[in-house]
Amino acid sequence: MSSSKQPAPSSHLVILEAVKRVPCGRVATYGLIAKVAGLDGQPRLVGYALRHATDEVPWHRVVNAQGRISPRADPACIPLQRTLLESEGVEFGLGERIDLRRYLWKPRLRRTDED
DNA sequence: ATTATGACTGCAG
DNA sequence: TCTGCAGCCATAA
């Protein structure tokens, strides 16, 4: 194998790219994003990456495995995220919960395929 | 170099 | 339904 220098892409980069793949009207869990990003089993890294995320990334489409908005440093973002999702057609149930059975994004695990 | 914390998850009680 | 514990990696001090 060629001993090329592996730039060792920051996990954040692939994570942000994975989040960008989430289609409108759909939501993804941290674990799912981690898996798509090749970091299967490290959902915490997704949270860290999203913290560095910008408007270029649909961070609002990322929720926890409970279908709820995870508590973050800025509580003002909670109603914002909920509003953004509702504007995309995602319904919230009681307890501010989302039905993942219906709105969870199902990525195709294919190489030559994008969303 | 080490320690503590975090936008998480899964399982047990 | 909720709470607590352990595991994983990156960032900050």
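Bear in mind that the values here come from a model prediction, so they are computed numbers and not experimental data. Quick note on labels: first sequence line is chain A, next is B, and so on, each numbered from 1.
Neither OP1 nor OP2 of B:dT9 sits under 4.0 Å from any side-chain N or O of A:Arg68. Checking the phosphate oxygens (OP1, OP2) of C:dT1, a side-chain nitrogen or oxygen of A:Arg97 falls inside 4.0 Å.
Here the side chains of A:Asp99 and A:Glu91 are not in contact, with every heavy-atom distance at 4.5 Å or above. Here the side chains of A:Ile33 and A:Val22 are in contact, with some heavy-atom distance below 4.5 Å.
Ranked by how close their nearest DNA chain C nucleotide is to the 5' end, A:Leu45 and A:Gln66 are led by A:Gln66.
Rounded to an integer number of Å, the gap from A:Leu39 CG to C:dC8 C1' is 11 Å. Counting to the nearest Å, the P atom of B:dT9 and the CD atom of A:Gln42 are 12 Å from each other. Distance, A:Ile98 CD1 to B:dA7 P: 19 Å, rounded to whole Å. Taking atom CD1 of residue A:Ile33 and atom C1' of nucleotide B:dT9, one finds them 15 Å apart after rounding to whole Å. Regarding A:Leu13, its CG atom lies at a distance of 15 Å from the C1' atom of C:dA10, rounded to whole Å. If you measure from atom OH of A:Tyr48 to atom P of B:dA4, you get 14 Å, rounded to the nearest angstrom. In this structure, A:Arg44 places its CZ atom 13 Å from C1' of B:dG10, rounding to the nearest Å. Taking atom CZ of residue A:Arg51 and atom C1' of nucleotide B:dC8, one finds them 15 Å apart after rounding to whole Å.
A cation-pi arrangement is absent between A:Arg44 and A:Tyr30, since the terminal nitrogen or guanidinium carbon is not both under 6.0 Å from the aromatic centre and inside a 45° cone about the axis.
In this structure, A:His12 and A:His52 have tilted ring planes: the angle between them lies in the 30° to 60° band.
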